[in-house]
Structures are given as structure tokens and as C-alpha cells.
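What you are looking at is a predicted structure, and each value in this text was computed from that prediction instead of being measured.
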Amino acid sequence: MLRLSSLFVRTLRENPSDAEVPSHQLMVRAGYIRRAAPGGYTWLPLGWNVYRNVERIVREEMDAAGFQEVHFPALLPREPYEATNRWTEYGPNLFRLQDRRGVDYLLGPTHEEMFTLLVKDLYSSYKDLPLSIYQIQTKFRDEARPRAGLLRGREFVMKDSYSFDIDDAGLSASYEAHRAAYIKTFERLNLPFVIVSAMSGAMGGSKSEEFLAPLEVGEDTFVRCVTCGYAANTEAVTVPTPAALDFSQAAPSQVVDTPDTPTIATLVDLLNARTDINAALGKTTAWTATDTLKNVIIMLRHPDGRREPLAIGLPGDREVDMKRVEAQVGPAEPDAFTEADFANYPALVKGYIGPDVLGSTSSSKIRYLVDPRVSTGTSWVTGANKAGNHVVGLVCGRDFTPDGTIEAAEVLPGDTCPTCAANHATGVLEMARGIEIGHIFQLGRKYAEALNLTVLDQNGKQVVVTMGSYGIGVSRAVAAIAEATLDDMGLCWPREVAPADIHIVIASKGADAIAEVAERLASELEASGLRILLDDRTSVSPGVKFKDAELIGVPTIVVVGKGLADGVIEVRNRANGERSDVAIGEAVATLRTICGRPGN
RNA sequence: CGGGGUGUAGCGCAGCUUGGCUAGCGCGCCACGUUCGGGACGUGGAGGCCGGAGGUUCAAAUCCUCUCACCCCGACCA
């Protein structure tokens with residue numbers, strides 16, 4: 001039984017000044033966590049209690065799915081990460097250190113290499129597969145900017161699983177098994193979630209989905225279609241490719257004098273003033289930014305240090321979304337195209353870049369990729385590669401041919417849903433924010449190849465194992481649950497993760513009759529298997545106890561006080577505020593029912 | 001890494017512009033008394049290297065220089 005008279009906790013009346021996110025504020029105020037370092041938190045008894053409940057549920061669901069738990073050190077040698085090139089690729093996000101002899105070590109940010117080597121160490125036959133193993137481990141990442149308390153720390157707890165299969169069908173089955181286990185886990189945690197398509201990014205591999213808790217404080221932006229249910233991380237959204245248009249009747253393109261129009265807005269204004277151009281093109285509607293083809297040059301930095309310029313063509317009403325670009329061009333990283341770079345490419349006239357000078361077969365040799373909306377037969381106004389000049393009526397597929405398409409344009413609410421478009425439906429996308437609470441990947445053979453994990457197949461042939469990796473942010477899930485359930489009075493835990501089933505408030509002071517009844521009730525409830533938090537403080541007024549009970553957020557609050565004169569106690573539902581009086585004689589049975597454990 | 005902000009008691013803050021008495025307020029903490037179903041009240045206490053270093057000055061929380069830390073936005077982020 002937890003007793004507030006002796007529990008190691010101090011609740012705060014005011015929010016700590018360094019916390020902005022509600023879950024962070026309340027977890028500090030309610031005495032669940034304390035900041036110990038940038039991005040590092042100490043768990044106090046109440047918080048550790050909740051953390052262990054969350055961890056237990058995750059573990060139970062993994063075990064139930066047939067995955068086996070192992071445990072690696074967090075302090076890892078350099079060599080395996082050297083073999084997969086991640087010692088370098090992980091960059092400054094990796095915590096590196098040396099032992100007394102100057103030998104390099106790292107604090108594990110994720111454990112693909114170690115798991116791969118462990119399986120290689122023990123297994124060598126197709127008969128040993130499939131295998132899924134996992135651990136619940138503290139991970140270390142030197143995040144540039146930890147934030148929001150537990151939501152993004154530099155030290156955090158992750159449940160990471162890895163599956164090992166002989167072939168793609170096996171990987172697919174292992175992936176689905178994890179997906180199903182994750183759904184059960186998050187349902188049990190009472191955590192609302194959306195499964196979105198994601199990019200596998202630096203992890204490599206083919207298929208990847210994220211589990212996002214749809215909450216405003218989340219760092220991930222995703223889209224979903226209200227019509228068909230499609231959901232995707234913005235990085236993974238695909239733009240439907242329009243059918244090719246017939247351009248046989250299109251007017252020829254022409255270069256027009258457009259002085260002082262370095263921006264899309266100035267260009268559109270000028271075009272709308274030039275009725276002569278509209279007449280020549282047979283254009284009857286007003287020009288908008290969507291009629292313009294904006295060409296943005298970026299510089300790709302490849303892992304080997306090579307720099308390569310890339311031209312991206314997209315409708316002028318949209319910005320380039322660098323996150324989307326990065327997801328497309330990985331492992332290369334996009335950088336800005338600097339003034340110095342422009343100096344090296346005199347053909348590029350800043351503000352007036354057009355397709356003529358772009359493309360691998362053009363004079364500049366710059367690879368030219370366009371947004372899928374820039375499809376065959378579409379007509380554009382774009383730069384004429386000469387200051388103060390634009391070309392109108394430039395038709396894709398007639399007047400210019402890009403090297404390919406790229407998903408680089410920002411996604412906007414109201415964009416066409418790609419799934420609906422494929423089915424000739426009319427759904428549009430809406431955007432929302434989410435906290436990434438889980439991520440599942442089909443890794444494929446990247447790690448197995450790099451570390452030479454092979455097994456003998458039925459024919460006695462060495463085959464490379466195919467892998468999946470699957471993560472749940474356990475400590476982050478605690479914060480996400482808090483964030484999803486809190487209200488203006490405080491935390492509000494779902495029962496299974498709450499630090500107690502029942503918070504008993506003794507609404508009096510001193511060792512009086514009320515306290516005696518409360519003590520007896522607490523003992524009986526605890527003896528019946530319920531977890532009890534008893535506010536037995538004798539020098540605190542009832543008002544303070546009520547406020548603290550609401551702040552701490554145990555799902556059921558029992559008030560033992562003046563109702564005793566009528567033989568009743570008061571039972572409150574923390575989440576919905578409902579209150580009812582229960583005869584003292586029926587208290588145990590009633591509370592057991594409320595707590596989901598009827599009978600005795 | 002870029003931009004903005006903040007460092008004064010356990011927590012939340014004022015004081016700094018225009019240097020000057022014992023550095024102040026609320027909460028919390030300790031003691032005594034009153035109170036006791038919605039963050040009670042009175043009286044008396046404890047608690048501070050004013051983030052750090054250097055400088056200016058008779059005198060620095062306050063002005064100057066450097067530095068460190070933290071928070072927010074962006075960049076970054078299986």
C-alpha cells in the first residue's frame with residue numbers, strides 16, 4: 001500500500017518553468033519525474049510504478065505473440081557498427097566513448113547489429129527460422145534538441161524486436177505478427193493510435209509503418225483521408241499521377257518579357273495584366289500560382305562526400321518539403337544550393353530557371369526531377385533562363401522532358417487522396433500531428449549481408465537471412481498516455497497503467513474514527529488484490545488532498561469523511577467526474593466491481 | 001548549427017532601465033495555536049556564492065567583456 005504520509009513525492013502547485021507540454025508539466029507537478037540532465041529524467045516512485053506497468057504490458061504482449069526476450073548491454077563495441085557503416089552514418093547522434101586503452105565504444109542507439117550477430121552466433125540452419133527476439137533496453141541518442149520531457153529524450157527506453165526469416169514470405173508473416181501484437185499492445189495501453197505508411201529512410205528496406213498517437217504535441221505530421229481511411233506520414237504521401245493529356249492542339253510556347261518578376265506572386269500579377277498573352281494562348285481564366293512551374297535547385301551530399309546538384313520542378317503554389325526530399329534521396333542528404341554553387345553553374349539564372357537548361361542531357365547536366373503533377377501534356381509558365389523573361393505555354397512531353405518524378409512538394413490539406421484517386425473516388429487529405437509510439441520495418445537483407453548472417457537452406461546452400469525490426473518507445477508511451485488522457489485538473493491514468501486502482505482520501509485530520517474506517521477499508525481492499533494509494537496525511541486539509549488526488553490521477557478516488565455519519569463513503573470516477581455514495585458495508589464489493597475484479 | 005528567451009531560496013517570480021541601507025514576494029518547509037469536505041489563518045523561524053569568471057567603481061543582482069546552462073522556434077531526428 002502506498003501511503004502519502006511517507007511516499008517519496010512532492011506535488012507542486014505551479015507548473016515548472018522549463019516545461020511547456022502538458023504531460024511534461026503534470027508529470028513533474030504530480031511528482032512522477034524530475035529532470036536529471038538535458039533529455040534525461042529520474043523516475044520517482046509514482047512514475048516508476050506507471051513505467052513498470054507500461055513495460056509489463058508491452059512484455060506480456062510480446063511474449064504472448066511468441067517473441068522471446070533477451071537483453072543486450074547498452075555499452076557496445078565499435079566494430080559491428082563499423083561493419084554496417086553506421087559508426088559513420090549515424091553521425092553526431094551517436095554517443096561515443098573510449099575505454100582506458102583508448103578503444104572506441106558507443107552507447108547503443110538501436111541494436112540491429114548486435115541482434116544480427118547474436119543470431120549468427122547461435123543459428124545456422126533454415127530449420128531454426130523463423131525467429132523473433134526482443135529486448136527492453138535503454139537507448140542513447142545525442143539528440144540535437146531534446147524536448148517535451150519524456151517525449152524526446154537523449155536516454156529513453158525502447159522495446160526493440162527483430163525478426164529473422166529465410167524468405168520474403170516469412171518476413172511478411174513476421175511483420176504481420178508484430179503489427180498485430182502492436183495493435184493489441186496499444187489497445188491495452190488505452191493509447192489511441194493511427195497506423196500510417198512511412199518511409200524506411202536510413203534504415204533501408206522495403207515496407208514500413210508507424211504507429212502514431214494522434215495528439216497535437218506530436219512531432220510527426222501525417223495525413224489521412226476521411227473517405228477511405230488512407231493514412232500516411234507526410235514523407236510517404238504519394239501524389240496521384242494525372243493521365244497524360246492530349247497536347248496536339250496546344251498553342252506553341254512563347255517567351256515573354258516579364259521584368260521584375262523574381263517571385264511567383266509578382267509573375268502571376270504581371271500575367272494577369274497581360275491580356276495579349278492570354279489571347280495568344282486561348283487562356284480564359286485568371287493565372288494563379290498553380291499555373292507556374294517553379295524550379296528549385298538543391299545540393300545533394302552523398303555519404304562518400306560527393307556533392308551533386310538536383311533540380312526539382314513543382315507547381316509554384318507549393319514549397320519544397322525538405323523532409324520529403326530527404327526521404328526520397330537517402331542516404332544522400334539535401335543541402336541548400338548556395339550563391340557559390342550558382343557561380344559554378346552560370347547557365348542557372350536565379351529566379352528565372354527553366355527546364356531548357358535542366359536535365360541530364362542538357363548543357364548543365366543537372367538531374368531534373370518533377371512533381372508528379374507536372375505530367376505529360378500539362379502546360380506551364382516558367383523561367384526562360386534569362387533575367388526578366390518567362391516562357392508561357394511550355395508543355396511537358398513536348399517542350400521539355402524531365403529525368404523523372406520526385407515526391408518533394410509539400411503536402412497540403414485538401415490534396416487528393418492517392419488511394420481514392422486510384423479508385424476513381426474523390427477523397428481528400430486532412431493533416432494532423434502525432435506522437436510516434438511504434439515503428440515497424442521490413443529491413444530485408446541489409447544488415448544480414450553486411451554482417452554475413454546466412455543459414456543453410458534445404459538444398460544445403462548458404463542463403464542470406466531477411467530481417468525486420470520493430471520498436472515501441474516505452475518511456476515515450478508513458479508520456480503519450482498521459483498526454484492522451486490528462487485534463488485541466490491533472491493526470492488521468494487508464495486503470496491498467498495507473499500507479500494504483502484506488503486513491504483513498506481521508507477527509508479529516510488525525511487518528512480519529514474516520515481515519516480508522518479508512519485504514520480498515522484500505523487494508524481490506526488491498527487484501528482483495530487491489531492496489532491502494534492512501535492519503536493518510538494528518539496535517540493537510542481536505543482541499544489539498546482532493547487537489548492532489550486529481551493531480552495524481554488514479555482512476556478511482558474514494559473519499560472517507562463526513563458521509564460516514566450516514567454510513568456511506570463517496571466513490572469518484574476521476575475520468576468523468578461522476579460521484580456516488582456507497583454503503584460502507586458494500587464498499588469492498590462495489591469497488592472490486594468498479595476496478596474490474598468482481599467477486600472475491 | 002541559425003533565431004529568440006531565461007538564469008535571483010525546493011518551486012513560481014519581482015528587483016536590473018537610472019549601481020547605494022539587512023536582496024524581496026507567493027507557494028512549499030520547521031515550531032506553536034486556531035481551523036478541518038475543495039489548494040485555511042495567525043505568530044515566530046530556517047533557507048541565497050543573485051549561473052560562473054574577469055573587469056569598471058568608494059560601492060555591482062544591477063554596468064561592461066567572456067563563458068556555462070536551460071527553455072522555445074527552426075535545422076536535425078531507427
Side-chain angles (χ1 to χ4, degrees), chain A residues 10-21 24-25 28-29 31 34-35 37-40 81 84 86 89-94 108-113 115 139-149 151-154 156 158-162 198-205 208-210 219-220 235 322-323 326-327 330-331 333-336 436 438-443 446-447 467-473 476 489-490 505-510 512 514-515 535 537-551 557 559-565 569-570 572 579:
Chain A
R10 179 108 307 145
T11 59
L12 306 175
R13 205 174 280 218
E14 287 159 301
N15 282 327
S17 63
D18 59 358
E20 293 233 332
V21 172
H24 183 198
Q25 293 174 333
V28 173
R29 268 187 63 197
R34 301 291 297 180
R35 197 185 79 89
Y81 288 79
T84 56
R86 283 166 118 196
E89 269 180 19
Y90 229 97
N93 269 23
L94 196 60
T110 174
H111 282 70
E112 279 78 6
E113 286 82 353
F115 271 83
K139 306 292 186 188
F140 297 86
R141 294 182 195 174
D142 189 359
E143 297 283 353
R145 187 156 83 83
R147 62 175 290 276
L151 285 178
R152 176 168 296 279
R154 299 208 290 180
F156 58 97
M158 180 161 89
K159 187 290 302 174
D160 49 329
S161 310
Y162 303 85
M199 298 298 293
S200 24
M203 298 296 293
S208 156
E209 289 171 296
E210 286 174 329
E219 299 178 280
D220 287 35
E235 292 159 31
M322 290 307 257
K323 286 190 177 181
E326 192 179 339
E333 299 208 15
D335 274 345
E436 181 183 348
H439 202 158
I440 52 180
F441 289 91
Q442 294 190 7
L443 287 179
K446 171 178 170 177
Y447 293 90
M467 295 170 55
S469 89
Y470 317 91
I472 290 178
R476 176 184 282 180
M489 295 188 295
V505 171
I506 302 177
S508 78
K509 285 187 185 175
D512 56 8
I514 289 174
D535 194 346
R537 291 175 292 180
T538 54
S539 54
V540 174
S541 68
V544 172
K545 292 183 178 179
F546 292 142
K547 291 288 185 197
D548 275 348
E550 282 143 5
L551 181 61
I557 299 169
V559 183
V560 182
K562 66 184 182 187
L564 275 191
I569 57 166
E570 184 182 324
R572 300 180 180 180
R579 304 175 178 196

Examine [N]: is either OP1 or OP2 under 4.0 Å from a nitrogen or oxygen in the side chain of [X]? Give yes or no.
X: Arg13(A); N: rG28(B); answer: yes
X: Ser17(A); N: rC70(B); answer: no
X: Ser508(A); N: rC36(B); answer: no
X: Ser541(A); N: rC36(B); answer: no

*Classify the side chain of Arg29(A) versus the base of rC11(B) as yes if they form a donor-acceptor pair under 3.5 Å and no if they do not.*
no
*Quick one: the side chain of Glu550(A) and the base of rG38(B), do they pair up donor-acceptor inside 3.5 Å?*
yes
Taking pairing as Watson-Crick or G-U wobble with both contacts under 3.5 Å, can you name the mate of [N], or confirm there isn't one?
N: rC50(B); value: none
N: rG19(B); value: none
N: rC27(B); value: rG10(B)
N: rC77(B); value: none
N: rG39(B); value: none
N: rA59(B); value: none

Roughly how many Å apart are [M] and [N], using the [atom1] atom of each and rounding to a whole number?
N: rG4(B); M: rC50(B); atom1: C1'; result: 24 Å
N: rA61(B); M: rU8(B); atom1: P; result: 15 Å
N: rG28(B); M: rC70(B); atom1: P; result: 30 Å
N: rU6(B); M: rG12(B); atom1: C1'; result: 14 Å

Per [X] side chain, nearest of listed nucleotides [options]:
X: Glu570(A); options: rC11(B), rC71(B), rG37(B); answer: rG37(B)
X: Thr11(A); options: rG39(B), rC11(B), rC72(B); answer: rG39(B)
X: Arg147(A); options: rC71(B), rC73(B), rA40(B); answer: rC73(B)

*Asp512(A) CG - rU35(B) C1' separation (whole Å)*: 14 Å
*asked:* I need the CD-C1' distance between Gln25(A) and rC11(B), as an integer number of Å.
replied: 14 Å
*Arg35(A) near the nucleic acid: base, sugar-phosphate alone, or nothing, with a heavy-atom cut-off under 4.0 Å?*
sugar-phosphate
*asked:* Need one value for Asp548(A): base, sugar-phosphate or nothing, where a base atom within 4.0 Å counts as base even if backbone is also close, heavy atoms only.
replied: base
*Closest approach of Arg86(A) to Leu94(A) (non-hydrogen atoms, all atoms of both residues)*: O-CD2, 4.4 Å
*Could you say whether Arg152(A) or Val559(A) is positioned toward the 5' end of RNA chain B, judged by the nucleotide with the nearest heavy atom to each?*
Val559(A)
